[in-house]
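Step one of this worksheet: look at the structure below.
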Amino acid sequence: MTANTPVVTRFAPSPTGALHVGGARTALYNWAYARRHGGRFILRLEDTDQKRSTAESTRGILRDLAWLGIDWDEGPDANADNWDDGANQRGANGPYFQSQRLKIYDEYFDKLIAAGLTKKEDNGALRFMNPKRSIAVRDEVLPTATIGPLAQEDFIIRKADGFPTYHFAVVVDDATMGVTHVIRGQEHHSNTPKHIALQDALGLPRPIYAHIPLILNQDNSKMSKRDKAKTARDEVQKWICNGGSIDELAERMVANEEKARQLYPTMQSPSVTASEIVDFLTKKSADFTQNDVEVIPGMMARELGFHLPEIEVNDFRWNGYLPESLCNYLALLGWNPGNNLERFDTDDLKEEFSLDRVGKSAAKFDREKLAAFNADRIAGLRPEVFRQKLWEVCFRGRGIANQFQNDPNGPRFVAFAEAYQSRSKTLSDTVEQGRFFFLDADAIAYDDKAVDKVLAKNDGQGFGVLEGLRAVFAELPDDGFGHAAHEAIKAYSEQHELGMGKVAQPVRVAVSGSTVSPPIDQTLDILGKAETLARIDRCLQLRTATS
RNA sequence: GUCCCCAUCGUCUAGCCUGGCCUAGGACAUCACCCUUUCACGGUGAAGACACGGGUUCAAAUCCCGUUGGGGAUACCA
């Protein structure tokens, strides 16, 4: 490899599931490295596992990469949904699905057979008879590792079904596609001697390797999509202990299947039965199917209202993370620009990224820090952009848009977005926090402690304030109600020589059910006059109940 | 078991290659205070780390060896 050879990197996911954050980071680094050096970035699908590979997974992966802002120079067209026989693929080194490159592999199998370096197994599989020479693995991140002959082994390179194994396909493809730099997870570091042995036997060039650190869970376990299934099981068990029934859950999941399908494009089974749920709850985690791991937990979380740990890019997307926050956070997980700069854009990354600043040790995925990055980004969004994103992510499919007259540009939704922009860690967090806005007046759940402290205490002083204010509010105009009400509250507090807290809090509790809401003028603007009065009336009824 | 890799605040990390400028810097989280009609936002500040043991050196977070701990690989998965 000469100094002026153009850089070619690749991301080579296997389409056996959704795009994982670890994969996303690998893609990001490969992409950034190619961009930084004016080279090419290839996307290749490693679908040599015929049983587990699906076109749905491929679609999901392409969509998630595109969402992150990662584009590729060669590979399948992201907007197509069928890539059979080389269709809808771009680039001179295709096809970009390994299942479509069988003829190429056969050529290389023949070379090895001719060289006497293979052994045929009974069922037709082919084993590479490793010459077992001492091999030095050079790496841009890790120190050179030398593997002696004793540590090397023969391994299968062609499966009984005629497909190549990963080790063989990766070597042939990287070479035939002209890949110069292989940036991949450290789980592949120990595989590299196998790849080098194959390159040597085949007379192929060695790419430059860079093995990047693993991403771990808080408890040091490898971050796994099974974590979602485990959480779902625990939550469902809890729900059943509290009197929930499996039949009911199944019924609800089936009823909302269409919505789930939008969220989980890899979803396979058409509907969920009670017995499938029982099966899911009791089977060994090693037996989880793709559906168990990616779809069922999501549907359960939706129905029962619990929170799942985000593992896949798709999860972050639907839970209201911005792609730029995820990229920013992921970029920093294992790499840093060398100064104290932490918040930067993907554009900066492609100017700055370098392998010599990639760390060696595994990193734990810190959701809190990601959330802080996301909150920062959300706060920095132009208000109209935030409003539009909020509407898309949270309201579509959640059935609450009608609370805002289905109008993303109406004054009440504008007020809602404004109130929550600096209060939201994620877009969906906004909906959680602002849930009370979407309820009917008689569905508000009043927090006992709040009612007691703010309204009932001191012989119902708060109720008295509320009653007085109710009369004043009734005279105010619909237009600019929140502002006018706020002025009225101030006037009332001066007139009765009460602190603002003594006056505003009763209103807050009356309309929200708790002591927490955005500033009172904004809160009332979002609600509007009629709804505010309705809620105050409803709240006033509590007076007799508590006295 | 065997082979390979890793080791700085709770977490992500800067510093290590080219020993002294390190009384170890930043970010997230935590705590306190300020702002304030609640919750946030914002501001100020505090607490918090060189895994351990040996070397080498005038001097070690930085170099060497060992111990311990962690991770990965050891599939007709990738």
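Just so you know, these numbers use all the heavy atoms, side chains as well, and skip hydrogens, waters and symmetry mates.
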Taking N or O atoms only and anything under 3.5 Å, show me the protein contacts with nucleotides 26-29 of chain B, one pair per line.
unit_1, atom_1, unit_2, atom_2, d
B:G26, O4', A:Asn340, ND2, 3.4
B:G26, N2, A:Glu342, OE2, 2.9
B:A27, O2', A:Glu342, OE1, 2.7
B:A27, N3, A:Lys369, NZ, 3.0
B:C28, OP1, A:Arg343, NH2, 3.4
B:C28, O2', A:Lys369, N, 3.3

How would you label the contact of A:Thr515 with the nucleic acid (heavy atoms, under 4.0 Å): base, sugar-phosphate, or nothing?
base
Per the salt bridge (Lys or Arg N to Asp or Glu O under 4.0 Å) rule, what does the pair list look like for residues 319-344 of chain A, sequence neighbours excluded?
A:Glu342-A:Lys369, A:Arg343-A:Asp376
Could you tell me whether A:Pro143 contacts a base, only the sugar-phosphate backbone, or nothing, with contacts defined as non-hydrogen atoms closer than 4.0 Å?
sugar-phosphate
Ion pair check, A:Glu46 and A:Arg44, cut-off under 4.0 Å
yes
Pull out every protein N or O sitting under 3.5 Å from an N or O of nucleotides 62-65 of chain B, one pair per line with the distance.
none

Name the nucleic acid region contacted by A:Pro519, choosing base, sugar-phosphate or nothing; use a 4.0 angstrom heavy-atom cut-off, strictly under.
base
What pairs of residues pass the ring pair (Phe, Tyr, Trp, His ring centres under 6.0 Å) test when at least one of them lies in residues 496-522 of chain A, not counting sequence neighbours?
A:Tyr492-A:His496
Per-nucleotide protein contact string for nucleotides 69-78 of chain B (B base, S sugar-phosphate only, - none; heavy atom under 4.0 Å)
--SBSS-BSB
Over all strands shown, is A:His20 touching base, sugar-phosphate only, or nothing at heavy-atom distances under 4.0 angstrom?
nothing
Just call it for A:Arg367: base, sugar-phosphate, or nothing, with non-hydrogen atoms closer than 4.0 Å on any strand.
nothing
Does anything in residues 495-509 of chain A reach RNA chain B, meaning a heavy atom under 4.0 Å, and if so which residues?
A:Met500, A:Gly501, A:Ala504, A:Gln505, A:Arg508
Using atom P of each nucleotide, how far apart are B:C9 and B:G15 to the nearest Å?
16 Å
